[in-house]
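Structure first, commentary second.
Note that this is a predicted model, so its numbers are computed, not measured.
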Amino acid sequence: MENSRVADLLDEIADLLELKGANEFRIRSYQAASRTVRSTSRRLQDMIEQGESFETLPNVGVSTAGKIREILDTGTCKRLEELRAEWPQGLIQVMGVEGIGPRKAMKLYQELGVQSLEELQQAAAAGRIQEVEGFGEKSQRQILRGIQTLSGTSDRILYSEAVQQVESLRRHLAELDTVKQWEIAGSYRRGRETVGDLDVLVLAEDRMRAATQLSSHKEIAAVISQGSEKLSVRLQSGLQVDFRFCDAANWGAAVFYFTGSKDHNIAVRRIAQEHDWKLNEYGLFSGEDRMAGKTEQEVYAALGLQWIPPELREDRGEVEAARQGTLPVLVDLDDIRGDFQSHTVASDGSHTVQQMADAARKRGYSYLAITDHSKRVAMAQGLDDDRCLRHADEIRSVDAQMEDLWVMAGIEVDILQSGTLDLKHKTLEQLDWVVGSIHYDRRLSEDKMTDRLLAAIESGVIHCLAHPLGRIIGRREPLLFDTARVFESCVNNGVFLEINAQPDRLDLPDTYCQDARSMGAMFTLGSDAHSVGGLGWMGVGINVARRAWLQKEHILNTVSVSTLRQQLERS
DNA sequence: GCCGTTTTCGGCCCGACTGTTTTCAGTCG
């Protein structure tokens, strides 16, 4: 079982306890354990096999360690089953709607018998919600909106979660003697922020035997269909995986075809049609003759195209660029020399400045910006002016000990409702790196929100606008503001736009980056790591940058430390 | 339920907004 699945079950325990009105610290404790499990780079299964105790993990004590072991052994645990028996399963989904927490979910359950999202939707549509004490017309409207947001993405999982499923598949596939070659295609290969299912191409001579071996994967909950071309299964996590069998002769064509996107395929096929050729998953054909199909390169080349990186395959001009030989050289993870957003125990991170710095150096970075929260983010124990400056001193003393890493004294300062910043300019001016971001007062009119952002950008003290949209994928809508004006102001004021690499943020998203880039914007990548493991999210951020056609020269993280110092001195 | 100890139990995440009320509960980050 994968870490993410264990984390899901711990979260479910926390949710059910919350519904019950259990001790909030106990709830938080399960959530903390879940976060640890989710973000740790060690596989729990591996830890068991190597005889290591889960109690060595932060936020995991005797009790939770026992439950994790139980979950790994049996797929669930007694405590969870007890809690599940107490309340309707659907109430957790109801709690997932923005604006509905445990109390409201319980109230609606008790007053209206709402046990599921569907029943919530019906109750809201019928106007019954606003009749309940404590609710009104606005709550009812917000609930309908919230359900819509949820249903838009509920059938897709985050890319980062898919990565874990793929890792598990990878280990299984590596052990099968029937599988000669395999590749994950689809939106996963294109690096999309969410993934609906996995398309796995498999090269095997004996397909029947391969199918049997594939089906033996421990993570499979059910086989949906099985034939000579395709095996479809559903994993325990709910994710569907389609294995498609190919031959060596059409391998490239199949990889091309199943990587998509649909629109990209159509655009490429149109070129084949111009020549009276036919392009499908079995190859490029002139009449009955297969002209190409072994590799993707061969297929593209036969059509007079450069090979197109999967991240660009969205029919956003890449086919024309490939035809003219003008595809961009996309930024790569290897180009990244540092990270511009990270947190420590000074606010809501779980590691110290020293630990974060050591981890950054281990990754081969030349610089790491420590950007803890400012005081407005009270729940994170954000820093006031005094603490901010003292923290900067601490960062600099760590920096002085590091030979080949610049630990940048920074802050993530909140942009308040008025557009002023949460800390004094005099304070911010003493720091190496200032990112500005919005966490509160999210529901302003578009005009007010735009003015608020412009004020911050024009303040002259922020280097970077962090997670500009403030969205959480599938859960929180983006802030409403005039993106063109904001991007333009960033360009004019030399303020970088962040691509926040938190897997559920990925903010700015690719299409916004493309728009901003066309206006001349420059970017930073920030893992927004809240622990040493979190630095690893950089790779997910790179996907976004690549999908946005960004090159090395558009991204500050690719410059050397000396160039970075020069650039920051000038600005 | 975890953590860090003053090693056996107290502290842990708190401030502000929203929508509902008429003084505040619930939610959010």
Side-chain angles (χ1 to χ4, degrees), chain A residues 10-11 13-37 53-68 77 79-80 83 94-111 124 129-146 149 343 345-351 372-384 387 412 414-418 422 437-444 448-449 466-467 470-472 475-477 479 500 502 504-505 507 528 530:
Chain A
L10 292 174
D11 277 332
I13 294 177
D15 288 340
L16 287 163
L17 285 172
E18 202 168 21
L19 206 52
K20 225 172 126 83
N23 178 294
E24 59 175 306
F25 297 109
R26 178 169 298 173
I27 296 166
R28 218 179 285 162
S29 171
Y30 277 107
Q31 290 166 339
S34 165
R35 273 199 306 279
T36 299
V37 166
S53 163
F54 297 138
E55 286 157 69
T56 57
L57 295 169
N59 305 314
V60 177
V62 182
S63 166
T64 308
K67 292 188 177 71
I68 293 175
C77 72
R79 186 77 189 101
L80 176 59
L83 288 165
V94 171
M95 268 167 63
V97 175
E98 199 171 2
I100 299 190
R103 299 284 149 75
K104 287 189 178 174
M106 193 49 85
K107 181 110 184 163
L108 292 173
Y109 171 52
Q110 285 165 344
E111 300 284 329
I129 304 259
Q130 60 181 335
E131 307 299 330
V132 179
E133 191 196 355
F135 292 79
E137 220 186 301
K138 282 191 175 174
S139 312
Q140 188 165 279
R141 266 207 306 278
Q142 204 199 341
I143 285 170
L144 283 170
R145 259 202 317 275
T149 306
H343 296 258
V345 289
S347 61
D348 57 352
S350 30
H351 290 109
D372 279 297
H373 288 287
S374 64
K375 64 180 187 290
R376 179 67 176 82
V377 187
M379 81 166 281
Q381 298 169 295
L383 310 177
D384 61 18
R387 280 185 65 211
E412 179 180 11
D414 255 60
I415 302 169
L416 305 179
Q417 183 162 3
S418 60
D422 194 23
S437 64
I438 288 178
H439 292 100
Y440 295 96
D441 312 322
R442 303 171 36 84
R443 286 195 227 167
L444 299 184
K448 281 188 179 154
M449 190 61 84
H467 48 74
R471 61 123 182 216
I472 305 284
R475 284 198 291 133
R476 199 185 313 145
E477 290 298 313
L479 301 171
N500 188 291
Q502 286 276 309
D504 59 353
R505 282 195 183 271
D507 181 7
D528 203 354
H530 284 64

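For the atom pair CD1 (A/I415) and CD1 (A/I438), the distance works out to 5.0 Å, reported to the nearest 0.5 Å. A distance of 8.5 Å separates CD in A/Q417 from CZ in A/R376, rounded to the nearest 0.5 Å. The CG atom of A/L80 lies 9.5 Å from the OH atom of A/Y30; values are rounded to the nearest 0.5 Å.
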| query | Base, backbone or nothing for each nucleotide of nucleotides 16-21 of chain B, written B, S, -, heavy atoms under 4.0 angstrom, 5' to 3'? | reply | SSSSS-

| query | When every nucleotide of nucleotides 4-9 of chain B is labelled 5' to 3' by its protein contacts under 4.0 Å (heavy atoms), B for base, S for sugar-phosphate only, - for none, what sequence of letters results? | reply | ------

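Contacts of A/K375 with the nucleic acid, taken as non-hydrogen atoms under 4.0 Å apart, are absent. Among the protein residues, A/I100 comes within range of the sugar-phosphate backbone only, with heavy atoms under 4.0 Å from sugar or phosphate atoms but none that close to a base. Residue contacts for A/R26: at a heavy-atom cut-off of 4.0 Å it reaches a base atom on one of the strands shown. Residue A/R476 is classed as a sugar-phosphate contact, given heavy-atom separations below 4.0 Å to backbone atoms only.
Legend: residues meeting side-chain contact (heavy atoms from CB on, under 4.5 Å) with A/F135, ordered by chain and number and at least two apart, are A/K104, A/K107, A/L108, A/I129, A/V132, A/S139, A/I143. For A/Q130, the side-chain contact (heavy atoms from CB on, under 4.5 Å) partners two or more places apart in sequence, or in a different chain, are A/E137, A/Q140. Here A/S418 pairs with A/L416, A/T420 under the side-chain contact (heavy atoms from CB on, under 4.5 Å) rule; sequence neighbours left out. Judged as a side-chain contact (heavy atoms from CB on, under 4.5 Å), and not counting sequence neighbours, A/R103 has no contacts.
A 3.5 Å limit on both hydrogen-bonding distances identifies no Watson-Crick or G-U partner for B/dT8.
Defined by atom type and a distance below 3.5 Å, a donor-acceptor pair is present between the side-chain atoms of A/D528 and A/N500. With hydrogens and angles left out, the side-chain atoms of A/H373 and A/Q381 include no donor and acceptor closer than 3.5 Å.
Atom C1' of B/dT6 sits at a distance of 47 Å from the matching atom of B/dT21, rounded to the whole Å. Annotation: B/dG11 and B/dT7 have their C1' atoms spaced 16 Å apart (nearest Å). Comparing B/dG4 with B/dT23, their P atoms are spaced 45 Å from each other, to the whole Å. Taking the P atom of each, B/dC28 and B/dT20 are spaced 15 Å apart, rounded to whole Å.
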